[in-house]
Amino acid sequence: MKNKLPYDTALGKLNAYIAANNMRHTTEREMVLNEICVMTQPFTAEQLAEHCRPLRLSQGTVYNSLALFVSARILHAFNRETGRTVTEYELAEEEKSHIQIVCTQCGRIAEAHDKAIEHIVASRKYSNFIPGHYSMRIYGQCKVCRKKRMTKEK
């Protein structure tokens, strides 16, 4: 993904959120945030906990930090159906619109550009609301998984 929040920006957002909500600043949260900022793909809470294991952070600290980062709009959480519902997280992009295509079979995620969708969103009028940006996920099967399925069916 491009244009992800760099660590300094994410930390600034976290500190502002903590101050605005009279919360306590902890080094453990900063450690979790740092680990998230180096991850290049969407991740589950379990994957992040495993990634943070060498830091000796408790699983509770990791899970609570995820909830905090979502509330502070540092992370996006989304559910993916892969036989069971799995919540995945990724760093929020800076105020930028984007479309992602997600393969429900293998989990691959790719950026997509669609001028027609961009035009529809840009030209849409809402009463009492001015849109700033959007994030869209389109779920289906990628070419590789479709090809594998068709080979099996033959």
Side-chain angles (χ1 to χ4, degrees), residues 1-115 117-118 121-122 124 126 129-146 148:
M1 301 219 59
K2 297 176 224 163
N3 298 326
K4 285 187 177 178
L5 292 174
Y7 177 75
D8 293 338
T9 304
L11 183 59
K13 284 181 91 167
L14 176 61
N15 289 335
Y17 185 84
I18 287 172
N21 291 281
N22 296 319
M23 300 172 81
R24 191 168 54 90
H25 179 88
T26 67
T27 56
E28 290 82 5
R29 288 179 184 147
E30 281 190 32
M31 292 167 69
V32 174
L33 184 61
N34 187 58
E35 294 304 306
I36 289 170
C37 287
V38 299
M39 298 181 95
T40 58
Q41 293 291 320
F43 56 89
T44 64
E46 294 82 14
Q47 289 169 329
L48 179 61
E50 182 64 31
H51 192 76
C52 290
R53 188 169 299 207
L55 301 174
R56 296 191 171 162
L57 296 170
S58 74
Q59 195 168 6
T61 297
V62 172
Y63 281 70
N64 290 334
S65 295
L66 283 172
L68 173 65
F69 299 159
V70 169
S71 295
R73 297 177 59 198
I74 296 167
L75 289 179
H76 289 295
F78 56 93
N79 292 328
R80 184 185 316 194
E81 289 290 330
T82 54
R84 66 183 179 100
T85 302
V86 176
T87 301
E88 290 189 340
Y89 302 87
E90 67 181 357
L91 278 169
E93 295 207 16
E94 296 186 48
E95 307 291 313
K96 173 187 169 267
S97 297
H98 73 285
I99 302 168
Q100 294 177 324
I101 51 176
V102 181
C103 180
T104 56
Q105 190 77 32
C106 67
R108 249 184 237 122
I109 299 173
E111 292 292 321
H113 302 282
D114 189 318
K115 295 289 184 194
I117 292 173
E118 292 170 11
V121 172
R124 180 76 173 100
Y126 300 92
F129 184 79
I130 299 172
H133 62 282
Y134 64 89
S135 177
M136 178 184 287
R137 288 182 168 256
I138 301 171
Y139 295 89
Q141 275 191 332
C142 69
K143 183 179 180 178
V144 173
C145 290
R146 274 195 327 274
K148 284 181 186 176

Partners meeting side chain to side chain donor-acceptor pair (under 3.5 Å) with N15 (sequence neighbours left out):
H25
Gap separating the OG1 atom of T26 from the CG atom of L14, nearest 0.5 angstrom:
8.0 Å
Checking side-chain contact (heavy atoms from CB on, under 4.5 Å) for the pair S65/L33: CA distance, chi angles, key distance, verdict?
CA-CA 8 Å; S65 295; L33 184 61; over 6 Å; no
For I74 and A10, which heavy atoms make the closest approach, and how far apart are they?
CD1-O, 3.5 Å
Is there a salt bridge (charged side-chain N to carboxylate O under 4.0 Å, His left out) between E90 and R137 once you walk through the steps?
CA-CA 13 Å; E90 67 181 357; R137 288 182 168 256; 3.2 Å; yes
Show which side-chain atoms of residues 47-61 pair as donor or acceptor with protein atoms under 3.5 Å away, not counting sequence neighbours.
unit_1: Q47; atom_1: OE1; unit_2: T44; atom_2: N; d: 2.8
unit_1: Q47; atom_1: OE1; unit_2: T44; atom_2: OG1; d: 3.4
unit_1: E50; atom_1: OE1; unit_2: R53; atom_2: NH2; d: 3.1
unit_1: H51; atom_1: NE2; unit_2: E35; atom_2: OE1; d: 3.0
unit_1: S58; atom_1: OG; unit_2: T61; atom_2: N; d: 3.0
unit_1: S58; atom_1: OG; unit_2: T61; atom_2: OG1; d: 2.9
unit_1: Q59; atom_1: NE2; unit_2: Y63; atom_2: OH; d: 3.4

Once salt bridge (charged side-chain N to carboxylate O under 4.0 Å, His left out) is applied, what residue pairs with a partner in residues 14-31 remain, sequence neighbours excluded?
none
Does the R108 side chain pair with the main chain of C103, one donor and one acceptor, at a distance under 3.5 Å?
no
Please identify each residue that fulfils side-chain contact (heavy atoms from CB on, under 4.5 Å) with A77, with sequence neighbours left out.
V70, T87, Y89
Can you check side-chain contact (heavy atoms from CB on, under 4.5 Å) on V86 and N79, steps first, answer last?
CA-CA 5 Å; V86 176; N79 292 328; over 6 Å; no
Gap separating the CD1 atom of I138 from the CD1 atom of I109, nearest 0.5 angstrom
13.0 Å
CD on Q100 to CD on E111, rounded to 0.5 Å:
5.0 Å
Taking atom CZ of F78 and atom NE2 of H76, what is their separation to the nearest 0.5 Å?
10.0 Å
Those residues that, when tested against S71, pass side-chain contact (heavy atoms from CB on, under 4.5 Å) (two or more places apart):
Y17
Please name all residues satisfying side-chain contact (heavy atoms from CB on, under 4.5 Å) with A112, sequence neighbours left out, ordered by chain then number.
I99, I101
